[in-house]
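Just so you know, these numbers come straight off a predicted model, no measurement behind them.
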Amino acid sequence: MTGRIGLTQLIAEFEKDCKEAAAASGKPLPEGFSMAQIFEEMATSDTWNAPILQAALTLKNHGFRIAVLTNNWVDDSPHRHRTGLALCLLRRYFDGVIESCRIGLQKPDPKIYEYALDQLKAKPEEVIFLDDIGANLKPARAMGIATILVRDTDSALKELQHLTGVQLLNQEENVPPACEPDSVAHGYVTIKPQTKLHFVEMGSGPVVCLCHGFPESWFSWRYQIPALADAGFRVIALEMKGYGDSTAPAAVEEYSQEEICKDLVIFLDKMGISQATFVGHDWGGATVWGMALFYPERVRAVAGLNTPYRPADPEVDIMKLTESHPVFDYQLYFQEPGVAEAELGKDVRRTLQIMVRSVRKEDHMENRSINLFNVRKRGGLLVGLPENPPPSSLLPPPVLQYYVEQYQKSGFRGPLNWYRNLRENWRWNATARDRKIHVPALMVTAGKDIVLHPKMSERMEEWIPQLSRGHIENCGHFTQMERPAALNKILIEWLQKVHKRPTLQAAAKL
């Protein structure tokens with residue numbers, strides 16, 4: 001039975017009972033019989049049911065609360081570090097881990113289910129309980145809890161899918177665990193008087209700074225933060241200037257790439273970080289290339305997602321160049337202060353649900369998806385699009401709510417000001433026209449990004465000698481959220497190579 005007894009004592013007592021039973025029956029135990037060895041083999045075997053765990057985490061990403069209910073012992077055995085690792089990972093990604101040995105109750109005692117309901121603040125009719133032992137399900141079912149007997153994984157997931165209405169089988173790829181806003185350490189660094197940057201942090205090891213783009217927040221990296229932390233890195237996801245809890249100055253010049261990079265250097269100084277690996281997406285991508293070009297002494301390595309690097313030509317007028325590409329018309333629409341702010345801020349929820357979408361079939365809006373062409377002529381970016389757009393798979397309800405709250409704090413003035421420095425950014429980058437980026441670098445392209453198309457990254461090797469590449473074909477603009485598992489694999493393999501560190505924990509099992 002489970003309880004407060006230590007596993008070492010339990011094994012010894014169990015082995016003693018086996019020997020006594022064998023002696024009484026006159027049937028000798030096999031030579032070298034050892035319960036300790038049997039438990040060791042059990043401990044070292046891979047006992048994770050990855051599809052079940054992945055389904056639980058998918059449900060969590062859709063707003064469900066999930067918990068693990070165990071019958072276990074206090075593990076004081078020589079292999080207790082494995083139990084420690086398992087519990088550490090489970091507690092990170094689940095809303096609760098209820099251990100029988102800690103509370104003095106065990107399945108199928110109805111009291112353990114009452115305890116679990118109390119901990120989750122849930123009613124029986126709101127809960128689904130899965131177990132591979134039918135006797136454990138019976139009292140839970142009697143209490144009004146929906147139950148699923150796990151005879152085999154596929155049938156259990158099919159039943160769970162039916163009860164929840166969430167796609168759990170035949171997914172394009174498994175969605176990795178995501179962090180929650182309150183599951184990471186939050187901090188603030190004052191960059192200059194009345195200007196501060198908000199950041200979140202997880203893990204230890206070489207520093208990896210994540211820089212987001214538009215219209216995003218630090219939470220856009222929710223799938224990367226725990227994965228990189230589990231791979232052995234100290235992950236710092238920045239809330240870029242103008243967003244969320246970071247300061248949002250009104251002045252346009254505060255958002256030039258030169259000023260943003262200066263801010264990041266001050267951030268590193270105040271954090272006591274001499275060098276970091278920078279990973280950026282969209283405007284964050286432009287920022288990290290700027291860091292590698294102008295502050296290489298502070299950059300261990302650099303990775304751009306979707307956003308390519310190209311040297312600026314001082315002989316070219318960037319505004320005319322932008323106008324020559326019809327897909328960039330929205331950037332010209334963003335130039336006049338106050339106009340786009342009024343449109344995008346009128347209904348933040350609608351704006352985000354229209355703009356932050358994937359290329360997956362379920363995210364298509366019946367041929368009424370956002371059109372980046374002729375925006376000025378139409379009189380707005382969202383003109384003609386639904387007032388009540390269908391849900392976006394990238395923004396399940398709790399995630400959407402968090403984004404809405406963040407944009408209601410900061411508004412759209414700061415984020416749009418990034419676009420109002422095109423000429424100033426071009427001038428600054430042109431001062432380093434003949435300089436190459438010599439730090440280790442990674443360019444990750446997305447095949448279905450219609451704005452930052454992979455073709456834009458051609459010839460980057462000419463300016464970045466140590467460039468590695470990654471490509472995700474069936475992916476649109478919001479790479480971190482749309483194809484997180486594929487991106488995590490690319491990033492971790494590259495980071496491990498750059499830092500020459502072996503993979504630490506196989507957290508991908510979750």
What do the steps show when you test T287 against F278 for side chain to side chain contact (heavy atoms under 4.5 Å, CB included), and what is the final call?
-> CA-CA 9 Å; T287 298; F278 285 88; over 6 Å; no
Side chain to side chain contact (heavy atoms under 4.5 Å, CB included) assessment of I148 paired with L163 = CA-CA 10 Å; I148 297 175; L163 289 174; 3.9 Å; yes
Does the pair R300 and I273 meet the rule for a side chain to side chain contact (heavy atoms under 4.5 Å, CB included), with working shown?
-> CA-CA 11 Å; R300 175 66 183 85; I273 299 169; over 6 Å; no
Would you please test Q401 and R349 for side chain to side chain contact (heavy atoms under 4.5 Å, CB included) and show each step?
-> CA-CA 8 Å; Q401 183 58 34; R349 187 175 297 271; 2.6 Å; yes
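Of the possible polar contacts, none joining the E341 side chain to the G411 backbone as a donor-acceptor pair under 3.5 Å is found. Without hydrogens or angle criteria, D263 side chain to I191 main chain gives no donor-acceptor distance under 3.5 Å. Using a distance-only test at 3.5 Å, with no hydrogens or angles considered, a donor-acceptor pair links the side chain of W426 to the main chain of D313. At distances below 3.5 Å, not a single donor-acceptor pair connects side-chain atoms of R483 with backbone N or O atoms of E473. Without hydrogens or angle criteria, D282 side chain to G284 main chain gives no donor-acceptor distance under 3.5 Å.
Just one residue in the list H281, H212, H186 forms a ring-ring contact (aromatic ring centres under 6.0 Å, His included) with W218, and that residue is H186. Checked options L487, V356, V399; the residue passing with M481 is V356 (criterion: side-chain contact (heavy atoms from CB on, under 4.5 Å)). Checked options P484, C179, P176; the residue passing with Q224 is P484 (criterion: side-chain contact (heavy atoms from CB on, under 4.5 Å)).
By the 4.5 Å heavy-atom criterion applied to side chains, S220 and F478 are not counted as neighbours. No side-chain heavy atom of I437 sits under 4.5 Å from any side-chain heavy atom of P296. Side-chain atoms of M456 and R310, non-hydrogen and from C-beta on, never get closer than 4.5 Å to each other. Contact annotation: the side chain of Q275 never approaches that of V207 to less than 4.5 Å [non-hydrogen atoms, C-beta and beyond]. Looking at heavy atoms from C-beta onward, F199 lies in side-chain contact with M271 at the 4.5 angstrom threshold. Using a 4.5 Å heavy-atom threshold, the side chains of P390 and R357 count as touching. Two residues are said to be in side-chain contact when any heavy atoms from C-beta on lie closer than 4.5 Å; D347 and L382 fail this criterion. Considering only heavy atoms from C-beta on, L228 comes within 4.5 Å of L210 through its side chain.
Q335 and Q331 share no side-chain donor-acceptor pair at under 3.5 Å. No donor-acceptor contact under 3.5 angstrom links the side chains of Y407 and S217, judged on distance only. There is no side-chain donor-acceptor pair under 3.5 Å between Q480 and R222. H471 and T445 share a side-chain donor-acceptor pair at under 3.5 Å. Residues Q167 and E362 bring no donor and acceptor atom of their side chains to less than 3.5 Å of each other. Side-chain contact check for H499 and T277: at least one donor-acceptor pair (N or O, by modelled atom type) lies under 3.5 Å. With 3.5 Å as the limit, one finds no donor-acceptor pair spanning the side chains of K158 and Q161.
In this structure, R65 does not pair ionically with E126, as no charged nitrogen and carboxylate oxygen lie closer than 4.0 Å. Classification of E458 and K455 as a salt-bridged pair fails, no side-chain N sitting under 4.0 Å from a carboxylate O. Salt bridge annotation for K262-E253: absent, with no cationic side-chain nitrogen under 4.0 angstrom from a carboxylate oxygen. Here E254 pairs with K192 in a salt bridge; the nearest charged N to carboxylate O distance falls below 4.0 Å. Contact check on K489 versus E493 returns a salt bridge, with a Lys/Arg side-chain nitrogen under 4.0 Å from an Asp/Glu carboxylate oxygen. Ion pairing between a basic and an acidic side chain is recognised when a charged N comes within 4.0 Å of a carboxylate O; R298 and D269 show such pairing.
Within the model, atoms CG of L372 and CG of D329 stand 9.0 Å from one another, a figure rounded to the nearest 0.5 Å. If you take NZ on K346 and OG1 on T351, they are separated by 10.0 Å, rounding to the nearest 0.5 Å. Remark: Q353 CD to L395 CG distance equals 7.0 Å, nearest 0.5 Å. Atom-to-atom distance recorded for I236:CD1 and L197:CG is 11.5 Å, nearest 0.5 angstrom. Rounding to the nearest 0.5 Å gives a distance of 10.5 Å between CG of L130 and OG1 of T153. Here the straight-line distance linking atom OG of S246 with atom NZ of K241 works out to 10.0 Å at 0.5 Å rounding.
Of all non-hydrogen atoms in S256 and E424, the two that sit nearest each other are CB-CG, 3.9 Å. The two atoms that bring R350 and L385 nearest to each other are NH2-O, 3.0 Å, heavy atoms only. Across all their heavy atoms, T307 and W289 have their closest contact at O-NE1, 2.9 Å. The minimum heavy-atom distance linking G213 with Y243 is given by the pair O-OH, 3.6 Å. Closest approach of A276 to C209, counting heavy atoms only: CB-SG, 4.0 Å. When every heavy atom of F214 is checked against every heavy atom of H477, the shortest pair comes out as O-NE2, 4.4 Å.
Cation-pi check for R435 over F294 is met; the charged atom lies under 6.0 angstrom from the ring centroid and within 45 degrees of its normal.
Below 30°, between 30° and 60°, or above 60°: for Y255 and W418 the angle between ring planes is between 30° and 60°, a tilted geometry.
Proximity of the aromatic rings of Y419 and W283 is defined here by a centroid distance below 6.0 angstrom, and this criterion is met.
Heavy-atom contacts from other residues, nucleotides or ligands closer than 6.0 Å to CG of N388 number 12 or fewer.
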